[in-house]
Amino acid sequence: MINGKKIGVVLPAYNAAKTLKPTLDEIPYDIVDEVILTDDCSQDDTAEVAAQLGIKHIIRHEKNRGYGGNQKTCYKKALELGCDIVVMLHPDYQYTPKLIHSMCYTIANGVYPVVIASRILGKGARKGGMPLYKYIANRFLTFFQNLLMNQKLSEYHTGYRAFAREVIEKLNLEADSDDFVFDNQMIAQIFYAGYEIAEITCPTKYFKEASSINFKRSVKYGLGVVFTSINYLLAKTRIRIHRIFKTDTKNSVI
């Protein structure tokens with residue numbers, strides 16, 4: 001805990017058996033109270049390895065729900081366990097868990113309700129091996145979103161984030177996609193709800209075992225980002241409010 005705030009780390013996992021141990025080894029257990037792993041119907045022994053490594057809360061999907069669907073399960077469990085701060089960390093060891101301290105202290109001290117770890121603030125993305133086409137797409141999509149959403153994030157596409165409980169409770173996450181664009185929709189919802197987001201620079205690693213989507217899925221994700229930005233602008237101008245921006249708590253993850 002920090003300042004009496006219970007901290008949970010959620011690991012949305014898919015085929016993460018080989019990278020789970022180094023990820024867990026770097027989690028700062030001096031402040032982290034709960035670790036939750038959701039195995040999205042992996043083709044390897046992710047769940048078994050997680051149990052061997054001592055993870056107490058393991059949820060297994062009988063059918064693959066997708067990246068977004070996996071996160072929805074994670075957040076629901078974290079809230080059920082009473083977590084006040086929830087850190088979403090990929091178990092593929094692409095991001096270092098050593099930043100959890102900084103991210104959680106920022107939230108626990110009431111400075112910001114959301115913190116994301118940016119690969120773009122420094123030179124971590126290309127230095128860590130991000131493919132050039134992904135880097136260029138990241139920069140273009142981020143510029144486009146900042147323009148339409150009137151924000152100044154360095155990137156919208158990192159998979160390393162920390163949230164105050166109230167933020168997760170506020171958002172209509174069940175209305176979001178179960179695919180990769182879930183992450184982007186969630187950031188749009190956060191801004192639409194009036195919350196601010198802090199960024200911390202983060203090194204990253206691209207290697208064989210690290211999860212990554214192929215070119216075709218990347219294009220689909222990019223189109224989803226564009227539509228999310230347009231829908232945000234339409235909602236802000238009250239022209240049309242897309243379902244993800246409606247705060248009907250019947251659709252929350254709680």
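- When the side chains of ILVMFWY residues are joined at heavy-atom separations under 4.5 Å, either directly or via intervening members, Ile187 and Tyr195 end up in a single hydrophobic cluster.
- In this structure, Tyr29 places its OH atom where more than 12 heavy-atom neighbours from other residues, nucleotides or ligands lie under 6.0 Å away.
- With hydrogens and angles disregarded, no donor-acceptor distance shorter than 3.5 Å links the side chain of Thr46 to the backbone of Asp39.
- A distance-only check finds no donor-acceptor pair linking the side chain of Gln71 to the backbone of Pro12 [under 3.5 Å].
- The aromatic rings of Phe180 and Tyr67 sit parallel to each other, their planes meeting at less than 30°, with 60° as the upper class boundary.
- Proximity of a side-chain donor or acceptor of Asp92 to a complementary backbone N or O of Ala16 within less than 3.5 Å is not detected.
- A side chain to side chain contact (heavy atoms under 4.5 Å, CB included) with Ile55 holds for exactly one of Val49, Leu11, Ile36; it is Leu11.
- One finds the CD1 atom of Ile244 at 5.5 Å from the CG atom of Asp176 (value rounded to the nearest 0.5 Å).
- To the nearest 0.5 Å, atom NZ of residue Lys236 and atom CG of residue Leu148 are 13.5 Å apart.
- Taking every heavy atom of both residues into account, Thr228 and Ala188 meet most closely at CG2-CB, 3.7 Å.
- At distances below 3.5 Å, not a single donor-acceptor pair connects side-chain atoms of Ser177 with backbone N or O atoms of Phe182.
- The side chain to side chain contact (heavy atoms under 4.5 Å, CB included) with Pro113 is formed by just one residue from the set Ile85, Thr106, Val167; it is Val167.
- Side-chain atoms of Tyr112 do not come within 3.5 Å of backbone N or O of Glu199 as any donor-acceptor pair.
- Surrounding CG of Asn150 are at most 12 heavy atoms belonging to other residues, nucleotides or ligands under 6.0 Å away.
- When the shell of 6.0 Å around NZ of Lys220 is examined, it contains 12 or fewer heavy atoms from other residues, nucleotides or ligands.
- No continuous path of ILVMFWY side-chain contacts below 4.5 Å connects Leu99 to Val86, so the two sit in separate hydrophobic clusters.
- When the options Gln189, Gln185, Gln151 are evaluated for a side chain to side chain contact (heavy atoms under 4.5 Å, CB included) with Tyr232, the one that passes is Gln151.
- Checking side-chain atoms of Asn64 against main-chain N and O of Cys41 turns up no donor-acceptor pair under 3.5 Å.
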| message | Asp44 vs Lys18, test: salt bridge (charged side-chain N to carboxylate O under 4.0 Å, His left out). Steps then yes/no. | response | CA-CA 9 Å; Asp44 64 7; Lys18 293 182 179 179; over 6 Å; no
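- In terms of hydrophobic clustering, with Ile, Leu, Val, Met, Phe, Trp and Tyr side chains grouped at heavy-atom distances under 4.5 Å, Val87 and Ile107 are assigned to a common cluster.
- From Asn184, atom CG reaches atom CG of Asp179 across 12.0 Å, with rounding to the nearest 0.5 Å.
- When only modelled atom types and interatomic distance are considered, Glu26 and Tyr93 share a side-chain donor-acceptor pair under 3.5 Å.
- Grouping the Ile, Leu, Val, Met, Phe, Trp and Tyr side chains by contacts below 4.5 angstrom, directly or via other members, places Leu153 with Leu233.
- Pairing each heavy atom of Arg243 with each of Ala175, the nearest pair is NE-O, 3.4 Å.
- Ala47 and Ile58 make their closest contact through O-CD1, 3.9 Å (heavy atoms, listed as atom of the first residue, atom of the second, distance).
- The hydrophobic clustering, which links ILVMFWY residues whose side-chain heavy atoms are closer than 4.5 Å, places Met149 and Ile241 together.
- To the nearest 0.5 angstrom, Thr96 atom OG1 is 10.0 Å from Ile27 atom CD1.
- Ring-plane geometry between His90 and Tyr95 is classed as perpendicular, the angle between the planes exceeding 60 degrees on a 0 to 90 degree scale with a lower cut at 30.
- Listed here is the closest heavy atom pair of Leu171 and Ala193: CD2-CB, 4.4 Å.
- Using a distance-only test at 3.5 Å, with no hydrogens or angles considered, no donor-acceptor pair links the side chain of Asp178 to the main chain of Gly66.
- Side chains of Ser154 and Ser118: a donor on one and an acceptor on the other come within 3.5 Å.
- Interatomic distance, Glu174 CD to Lys76 NZ, rounded to the nearest 0.5 Å: 7.5 Å.
- Taking a cutoff of 4.0 Å between a charged side-chain nitrogen and a carboxylate oxygen, Arg165 and Glu169 qualify as a salt bridge.
- The neighbour count for Lys6 NZ, taken as heavy atoms of other residues, nucleotides or ligands under 6.0 Å away, is above 12.
- Side-chain atoms of Arg161 come within 3.5 Å of backbone N or O of Asp183 as a donor-acceptor pair.
- From Met103, atom CE reaches atom CZ of Phe163 across 8.5 Å, with rounding to the nearest 0.5 Å.
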*asked:* Pair Tyr221, His157 - check ring pair (Phe, Tyr, Trp, His ring centres under 6.0 Å), show working.
replied: CA-CA 10 Å; Tyr221 170 79; His157 317 294; 5.6 Å; yes
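- Within the 4.5 Å cutoff, the side chain of Thr38 has no heavy atoms near those of the His57 side chain.
- Of the candidates Thr142, Asn138, Asn146, Asn146 is the only one forming a side chain to side chain donor-acceptor pair (under 3.5 Å) with Tyr156.
- The only member of Arg65, His61, Arg60 that meets side chain to side chain donor-acceptor pair (under 3.5 Å) when paired with Asp40 is His61.
- Panel note: side chain Asn15, backbone Ser42; no donor-acceptor pair is recorded below 3.5 Å.
- In this structure, Phe245 and His242 have perpendicular ring planes: the angle between them is above 60°, well past the 30° mark.
- A donor-acceptor pair under 3.5 Å is absent between the side-chain atoms of Asp45 and the main chain of Ala17, judged by distance alone.
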